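Source: prediction; values computed, not measured. As a basis for the values below, the full set of heavy atoms in this structure was taken, side chains included, without hydrogen atoms, waters or symmetry mates. Residue numbers start from 1 in every chain, and the chains themselves are labelled A, B, ... in the order their sequence lines are given, proteins ahead of strands.
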Protein chains: 2
Amino acid sequence: MTGESDCLLCPMRQLSIFAGLTIEDLSPLGMVVEDIHLPAGATLYRQGENARYAFTLRSGAMKLSVHRRHQDENRIVRLLRYGDLLGFEGLNQARLHYQHTATALDASDLCLLDLTALNRLSEDRPKVRQALIGRWQSALEEAEFQLVEIGAGKAEACVAAFLCHWCRVFPDGAWVPFPIERKELADYLGFSAAHVSRVMADFKRNGYVKESGKRINIQYIPLRRIAGA
Amino acid sequence: MTGESDCLLCPMRQLSIFAGLTIEDLSPLGMVVEDIHLPAGATLYRQGENARYAFTLRSGAMKLSVHRRHQDENRIVRLLRYGDLLGFEGLNQARLHYQHTATALDASDLCLLDLTALNRLSEDRPKVRQALIGRWQSALEEAEFQLVEIGAGKAEACVAAFLCHWCRVFPDGAWVPFPIERKELADYLGFSAAHVSRVMADFKRNGYVKESGKRINIQYIPLRRIAGA
DNA sequence: CGAGTACTTGAACCCATTCAACTTAGGTGG
DNA sequence: CCACCTAAGTTGAATGGGTTCAAGTACTCG
């Protein structure tokens, strides 16, 4: 399930917070980095638990969700993929607990980073510091994407915007991994599972997208028409 | 309209990113800080403009909004008050432009901070760095509050959650400045102005809240009942 | 191949939108 | 200081989109 690994050999390093660091930067740091493998559905950490580690997602997909106070449903606040960093709220010394529950949507590989070591590293290395600031910024932008593009408007437009956003890093027309159930998509978008299902079914009937197994393929989504209606 | 000021004498310093710094820390930095005063409705900066300065809000209230691509309406992504920092997206070197449009909801005083100087300062002073990380964290938490408590559910519950959140830093039962129009509240919550007005009017009729001029007074909001319904 | 889970679909209901009319509040000039 | 004027807030009625709940269908995994 877990084991040690060498960051210097990591094929993902260019995308990670250690990108741009040389061997001289990294090797003497003595940062122990562990590999973690999670099966689909497994929980990595829970909201409120002591935050001692951050994680880098190397493959698979995860969701961050929060328990709503007066409601039984869970709201999904972020979806993560290849290269994303999670659990770093503990870097802010005032936040000693995880703010979300992290669950694997699909079988996932992560590496574990000790937060105190990471903190020390960011003190010493401006590049790491910049990289971390960048992660904070993207987390914020992702949240604002959700607010702006998804938080209001008709369901069709929200689903369409999300699908385009989800597939944005892949070439047009590619078959993109899509390990997200209707219920989860609904929790993320703020609609009922039934209605999300309706919209997705319509999109498929209209030939906007295709689905096969846990992959999706965007053919052509008439964003203009959907938003304008 | 503008003038220089001395951070060391600022009555807000304990709340600001310079909190915890001594005179020795601050005085030799040569950071020029300017005072800015804005009348209600004035725009401080616009989405897409070159980001050279961050700002600290010393009094009044502001909103950050984004223009929606396929929509004419603007979505409000954050509301700011006393002590809040805005415009710091430029600290991330990859973001040279403001991500939002900043507009004064009320007559407001701010101080202007040069971003490059602020960057230098955060390199040298761990306390400033920590304070900035804290600001990033609160921006993120604020966005997630909006997602979780306000982005889904019945309008009554959203309005109630927002009002409690807005008044949280004041003592219970206090008259709290509330320079937010129905239309703006609607843009923030993602409802129509008409419906927000209806809900607010109901709340007032039921004695949950009182309004007078640009101030509000929460008497008692039965959150449990509203959310449970 | 069977069982359980996810997905789809229908119908009734409910909440929010829309648009328009009306009321209130705040500000300006006489 | 009052009368007017404008912008903001309130309210009603009709419409429409989304939820809910339940039934039926299609996967997927063992």
Side-chain angles (χ1 to χ4, degrees), chain A residues 39-41 63 68 71-73 75 103 105-107 150-163 177-206 208-216 225-229, chain B residues 39-41 63 68 71-73 75 103 105-107 150-160 162-163 178-206 208-216 225-229:
Chain A
K63 65 175 175 183
R68 302 190 65 190
Q71 215 95 6
D72 51 345
E73 52 172 319
R75 191 79 206 265
T103 312
L105 293 171
D106 208 352
I150 279 178
K154 313 251 182 286
E156 283 196 336
C158 295
V159 173
F162 169 73
L163 292 179
F178 193 70
I180 305 170
E181 298 178 353
R182 295 290 183 266
K183 178 70 173 65
E184 287 166 329
L185 191 47
D187 284 346
Y188 180 78
L189 298 175
F191 293 103
S192 69
H195 199 238
V196 168
S197 177
R198 252 182 273 270
V199 172
M200 287 292 290
D202 274 348
F203 279 11
K204 284 195 281 185
R205 263 188 294 269
N206 293 336
Y208 299 168
V209 302
K210 291 180 177 170
E211 237 181 340
S212 160
K214 286 175 179 294
R215 292 182 315 150
I216 197 169
R225 200 186 60 72
I226 291 175
Chain B
K63 65 175 175 184
R68 302 192 63 190
Q71 215 94 9
D72 51 345
E73 53 172 319
R75 191 77 205 262
T103 313
L105 294 171
D106 208 353
I150 278 176
K154 312 249 180 291
E156 284 196 333
C158 294
V159 174
F162 169 74
L163 292 178
F178 193 70
I180 306 170
E181 296 179 354
R182 294 290 184 268
K183 177 69 173 66
E184 287 165 329
L185 191 46
D187 284 347
Y188 180 77
L189 298 174
F191 293 102
S192 69
H195 200 237
V196 168
S197 177
R198 252 182 272 272
V199 172
M200 288 291 290
D202 274 347
F203 279 12
K204 284 195 281 186
R205 263 188 293 270
N206 293 334
Y208 298 169
V209 303
K210 292 179 177 171
E211 236 181 340
S212 160
K214 286 175 179 294
R215 292 181 316 148
I216 198 169
R225 199 184 61 69
I226 292 175

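Rounding to whole angstrom units, CZ of residue B:Arg182 and C1' of C:dA25 are separated by 12 Å. The distance from atom NZ of A:Lys214 to atom P of C:dT5 is 15 Å, rounded to the nearest whole Å. Rounded to a whole Å, the CG atom of A:Asp187 is 12 Å from the P atom of C:dC7. Distance A:Leu105 CG to C:dA6 P: 13 Å, rounded to the nearest Å. Remark: P of D:dA7 and CD of B:Glu181 are 12 Å apart, rounded to the nearest angstrom. Remark: P of C:dC15 and CD1 of B:Ile226 are 13 Å apart, rounded to the nearest angstrom. Between the CD1 atom of A:Ile180 and the C1' atom of C:dC7 there is a distance of 16 Å, given to the nearest Å. C:dC7 atom C1' lies 12 Å from atom CZ of A:Arg205, rounded to whole Å.
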Contacts table for residues 194-202 of chain A: side-chain donor-acceptor under 3.5 angstrom, sequence neighbours left out:
| residue | atom | partner | partner atom | Å |
| --- | --- | --- | --- | --- |
| A:Asp202 | OD1 | A:Arg205 | NH2 | 3.0 |

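Partners of A:Lys214 under the side-chain contact (heavy atoms from CB on, under 4.5 Å) rule, at least two apart in sequence or in another chain, do not exist in this structure. Among residues two or more places apart in sequence or in another chain, the side-chain contact (heavy atoms from CB on, under 4.5 Å) test is passed with A:Ala107 by A:His37. Listed by chain and number, the residues in a side-chain contact (heavy atoms from CB on, under 4.5 Å) with B:Ala160 are B:Phe203, B:Ile221, B:Leu223, B:Ile226 (sequence neighbours excluded). In this structure, the side-chain contact (heavy atoms from CB on, under 4.5 Å) partners of A:Pro177, at least two apart in sequence or on a different chain, are A:Phe170. Contacts of A:Glu181 classified as salt bridge (charged side-chain N to carboxylate O under 4.0 Å, His left out), with partners at least two apart in sequence or in another chain: none. Residues passing the ring pair (Phe, Tyr, Trp, His ring centres under 6.0 Å) test with B:Phe191, sequence neighbours excluded: none.
Each end of the helix from C:dC1-D:dG30 to C:dG30-D:dC1 gets its own rotation axis from five pairs of C1' atoms, and the angle between them is 50° to the nearest 10 degrees.
With C:dT17, D:dT19, D:dG9 as the candidates, the nucleotide lying closest to the side chain of A:Phe191 is D:dT19.
Put simply, CG on A:Leu189 and CZ on A:Arg75 are 8.0 Å apart, with the number rounded to the nearest 0.5 Å. We find the CZ-CG distance between B:Phe178 and B:Leu105 to be 10.0 Å, quoted to the nearest 0.5 Å.
Of the residues in residues 193-202 of chain A, A:Ala194, A:His195, A:Arg198 come within less than 4.0 Å of DNA chain D through at least one heavy atom, sorted by number.
Between A:Gly213 and A:Ala155, the residue anchored nearer the 5' end of DNA chain D, judged by the nucleotide with its closest heavy atom, is A:Ala155.
Within 4.0 Å (heavy atoms only), A:Lys204 reaches sugar-phosphate atoms of the nucleic acid but no base atom.
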